[in-house]
Asks: 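Questions regarding the structure given below will be posed in turn.
Chain identifiers are assigned alphabetically (A, B, ...) following the order of the sequence lines, protein sequences preceding nucleic acid strands; residue numbering begins at 1 within each chain.
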Protein chains: 2
Amino acid sequence: MKPFSSYKNPALAVDLVVFGYHEQNLSVLLLNRKEAPFKDQWTLPGAFLQIEETFQQTCSRILKTKLGMDDVYLEQLFSFDDPARDPRGRVISVTYYALVNPHKLEIAAGKMANDVQWFNVKKIPALGFDHKKIFDKALQRLKSKILYFPVGFELLDELFTMSELHQLYECILGIEIDRRNFSRKMLVAEYVINTGQKREGLQNRHPELFRFNKKLKHHNFQLNIINP
Amino acid sequence: MKPFSSYKNPALAVDLVVFGYHEQNLSVLLLNRKEAPFKDQWTLPGAFLQIEETFQQTCSRILKTKLGMDDVYLEQLFSFDDPARDPRGRVISVTYYALVNPHKLEIAAGKMANDVQWFNVKKIPALGFDHKKIFDKALQRLKSKILYFPVGFELLDELFTMSELHQLYECILGIEIDRRNFSRKMLVAEYVINTGQKREGLQNRHPELFRFNKKLKHHNFQLNIINP
DNA sequence: TCAAAAGTGTTTGTACTACACCCATGC
DNA sequence: GCATGGGTGTAGTACAAACACTTTTGA
């Protein structure tokens with residue numbers, strides 16, 4: 001084996017798929033590149049890993065400096081290794097996906113550079129690098145994860161109605177779910193807790209507000225929907 | 001952003017968790033290190049990524065040169081980033097797990113260096129680096145994957161009896177499963193196909209031989225066992 | 001003919017599906 | 001009082017769990 005220092009190392013980038021939920025639509029944050037390669041094309045936000053950084057720290061740096069946000073749900077997605085994925089040379093991309101609540105970022109919205117924009121996941125433009133592949137993988141992961149892990153709550157406010165949760169699931173999974181069965185399932189699985197409070201000021205009956213049950217033993221939960 | 005070439009890149013290692021199934025026990029392949037750090041300790045087989053290699057190519061290189069095997073099931077597991085995980089300096093580890101059938105490797109067994117050894121997964125020794133963490137993650141992944149994807153067949157011969165499949169599942173999951181319900185489930189899900197052949201030369205009734213149904217639409221399959 | 005493993009069927013209970021009615025609210 | 005969404009109950013069904021008997025083989 002060669003001595004440790006003689007290896008030529010590829011560059012290591014961290015790229016992020018940031019999901020948000022706006023007006024009953026799942027959306028993703030894209031960045032319009034200002035420099036080559038893929039100048040003026042949309043890409044996922046990313047940065048090169050600095051030698052002393054953990055992946056999470058790189059993620060935080062991207063979120064803070066490029067997007068003006070912090071403290072979000074992050075999960076490692078996959079590492080991409082196509083030797084041709086970056087025209088500048090060999091770059092490995094370690095990817096994460098993030099779930100953010102855009103409401104909580106309204107202050108941050110001002111800080112967001114004007115080359116950053118939310119796109120409905122059903123209408124995303126052509127992406128530079130292999131970022132379409134990364135995005136596809138992230139969406140697929142989110143779809144399957146939400147069936148057995150409380151991952152969707154990160155996209156909602158702390159208090160939410162059953163309809164809001166129901167719509168979120170239908171939107172992410174892209175299928176219809178019977179609202180009555182959905183509600184029962186969420187309650188008997190103790191996935192959510194009824195706060196007793198109600199949402200005021202709506203036109204119709206005031207719906208009850210729920211919060212996520214953080215004490216749940218998640219292993220028990222499974223939404224029996226075959227992943228489409 | 002700094003120019004592309006000015007970044008100092010961490011080294012990039014690929015580490016492998018190679019699972020095998022011997023005499024009704026799940027085992028993992030470990031390598032006794034001949035050089036520092038962790039000299040004379042057991043570790044997962046691994047290698048540094050060469051600049052032009054894909055991850056899969058690095059995996060194949062490790063499998064072939066260190067373990068004398070090739071053409072095995074491989075799946076990317078996770079990327080590990082603890083800055084202190086390697087005492088020599090910053091090394092990112094991209095990990096894969098492999099499933100191999102030790103029967104098919106009996107010729108290869110001779111080629112295997114004598115510092116390579118199978119260990120029962122319930123009795124693995126202390127491991128160097130953060131390899132225990134990696135191993136744990138691999139086992140966990142295998143356990144959950146086997147519930148919804150035909151991943152276990154890679155560990156068996158092409159033809160196998162229902163008992164053998166049943167024992168494999170019990171062994172990996174670490175739980176008891178009713179053999180009659182298990183058998184029915186496998187058959188109605190069309191997960192396996194009865195070949196009509198029987199295994200000869202046993203003391204008792206000759207069991208039927210099955211093969212994995214490669215044409216299965218895997219989405220349909222789900223073994224309803226809550227992951228322990 | 002006996003022991004050991006393999007093959008098969010039935011009953012029971014639970015949980016998901018599908019569906020319909022009443023309730024609260026603002027206009 | 002009416003339109004709109006919110007809350008709840010029930011019958012039917014499908015599937016998984018639990019369980020026992022028969023069959024085949026070598027010794």
Asks: Between the protein and nucleotides 11-14 of chain D, list every N/O to N/O distance that falls short of 3.5 Å.
Replies:
none

Asks: From the set C:dA18, C:dG26, C:dA6, return the single nucleotide nearest to any side-chain atom of B:P207.
Replies: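 Of the candidates, C:dA6 comes closest.
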Asks: Would B:Y73 and B:F19 count as a side-chain contact (heavy atoms from CB on, under 4.5 Å) here? Give the steps.
Replies: CA-CA 10 Å; B:Y73 176 88; B:F19 288 111; over 6 Å; no
Asks: For a quick check, tell me whether the side chain of B:R180 and the base of D:dA20 share a donor-acceptor pair closer than 3.5 Å.
Replies: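 Answer is yes: a donor-acceptor pair is held.
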Asks: With a 3.5 Å cut-off and heavy atoms only, can you find an N or O donor on one side and an acceptor on the other between the side chain of B:D178 and the base of D:dA16?
Replies: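 In this structure, the two groups form no donor-acceptor pair.
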Asks: In Å, rounded to the nearest 0.5 Å, how long is the span from CG of B:L12 to CG of B:L49?
Replies: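 Reported value, rounded in 0.5 Å steps: 5.5 Å.
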Asks: Report yes if a donor N or O on one partner sits less than 3.5 Å from an acceptor N or O on the other, where the partners are the side chain of A:R199 and the base of D:dG6; otherwise report no.
Replies: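 When only heavy-atom distances are counted, A:R199 does not reach the base of D:dG6 through any donor-acceptor pair under 3.5 Å.
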Asks: I want to know whether B:Y191 and B:F210 have ring centres closer than 6.0 Å.
Replies: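 Judged by ring-centre distance (under 6.0 Å), B:Y191 and B:F210 do not meet the cut-off.
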Asks: For DNA chain C, whose closest nucleotide is more 5', that of B:R205 or that of A:R179?
Replies: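 It is B:R205 whose nearest nucleotide is closer to the 5' end.
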Asks: Which comes earlier along DNA chain C counting from the 5' end, the contact point of A:N204 or that of A:K185, where each point is its nearest nucleotide?
Replies: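 Final value for this comparison: A:K185.
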Asks: Would you say D:dG26 has OP1 or OP2 under 4.0 Å from some side-chain N or O of B:H206?
Replies: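 Yes.
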Asks: Which residues pass the salt bridge (charged side-chain N to carboxylate O under 4.0 Å, His left out) test with B:R141, not counting sequence neighbours?
Replies: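 Counting only residues at least two positions away or on another chain, B:R141 forms a salt bridge (charged side-chain N to carboxylate O under 4.0 Å, His left out) with B:E75.
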